[in-house]
Number of protein chains: 2
Amino acid sequence: MAKHVFYHAGCPVCVSAEQDIVTLIGKENVEVVHLGDQKDRVTEADKAGVKSVPALVLEGGNVLHINFGASIEDLKN
Amino acid sequence: MAKHVFYHAGCPVCVSAEQDIVTLIGKENVEVVHLGDQKDRVTEADKAGVKSVPALVLEGGNVLHINFGASIEDLKN
């Protein structure tokens, strides 16, 4: 049974991240949910704390949002 | 030997993500690099394609940026 849930919406960055996550933690450990196709699960994702996709909701309840954020440029100075 | 490299900068979200990643993929499979403490590795991270931290650079070269991105609110409509 899947321990973790990976939510995405079919965008290219989502698909790429999905492949990476599945490779990383093993297909049997992660349930992949396409929120564009499964609109009824958006509420579930929202309640789990998902603020953006792609996101990985861990067994323990923590949410990893996988995305581009602040620039590393700031760390160079 | 570590297969993957997790770059962070000591911010609270980084530390939380680090614990999650280490739990998820196993301590022996990931090298944790604090770019605030190890400034000499910023260039290496940059070359690997890291645009923000926290980020996980996978063995195969893909980079997962872990952060808050676009809102899930957009998916509700």
Side-chain angles (χ1 to χ4, degrees), chain A residues 3-4 6-26 29-30 33-77, chain B residues 3-4 6-26 29-30 33-77:
Chain A
K3 292 177 176 178
H4 315 291
F6 179 79
Y7 293 100
H8 71 105
C11 53
V13 68
C14 290
V15 172
S16 171
E18 176 189 335
Q19 289 166 346
D20 288 335
I21 291 290
V22 168
T23 302
L24 200 61
I25 63 181
N29 294 319
V30 59
V33 176
H34 187 317
L35 290 178
D37 292 342
Q38 297 177 264
K39 288 277 188 187
D40 56 318
R41 297 193 64 174
V42 172
T43 304
E44 165 199 307
D46 193 31
K47 281 185 183 165
V50 172
K51 302 293 183 195
S52 62
V53 288
L56 181 68
V57 178
L58 302 177
E59 189 180 19
N62 281 356
V63 183
L64 296 180
H65 294 98
I66 300 160
N67 219 308
F68 173 77
S71 177
I72 197 176
E73 297 299 320
D74 296 338
L75 287 169
K76 291 183 181 173
N77 302 318
Chain B
K3 291 178 177 179
H4 316 290
F6 180 79
Y7 293 99
H8 71 105
C11 53
V13 68
C14 289
V15 172
S16 171
E18 176 188 334
Q19 289 167 345
D20 288 335
I21 291 290
V22 168
T23 302
L24 200 60
I25 62 181
N29 294 319
V30 58
V33 176
H34 188 316
L35 290 178
D37 292 342
Q38 297 177 262
K39 288 277 187 187
D40 57 319
R41 298 194 63 174
V42 172
T43 304
E44 165 199 307
D46 194 28
K47 281 185 184 164
V50 173
K51 302 294 184 193
S52 62
V53 289
L56 181 67
V57 178
L58 302 177
E59 190 180 19
N62 281 356
V63 183
L64 297 181
H65 294 98
I66 300 160
N67 218 310
F68 173 76
S71 176
I72 197 176
E73 297 298 320
D74 296 336
L75 286 169
K76 291 183 181 173
N77 303 318

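Naming: A, B, ... by sequence-line order, numbering from 1 per chain.
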**Request:** May I ask you to test the B/L64-B/N62 pair for a side-chain heavy-atom distance under 4.5 Å?
**Result:**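 Answer no - side chains too far apart.
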**Asked** In residues 18-26 of chain B, which residues are in contact with chain A at a heavy-atom separation under 4.5 Å?
**Response**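 Expected list: B/D20, B/I21, B/L24, B/I25.
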**Asked** To the nearest 0.5 Å, what is the distance between NE2 (A/H8) and CG (A/L56)?
**Response**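 These two atoms lie 12.0 Å from each other.
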Heavy atoms only: give me the nearest [X]-[Y] pair and the separation to one decimal.
X	Y	answer
A/L35	A/A45	CD1-CB, 4.1 Å
A/V53	A/A9	CG2-CB, 3.8 Å
B/V15	B/G10	CG2-O, 4.0 Å

**Request:** Please say which of A/R41, A/E44, A/H65 ends up in a side chain to side chain donor-acceptor pair (under 3.5 Å) with A/Y7.
**Result:**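 It is A/E44; the other options fail the test.
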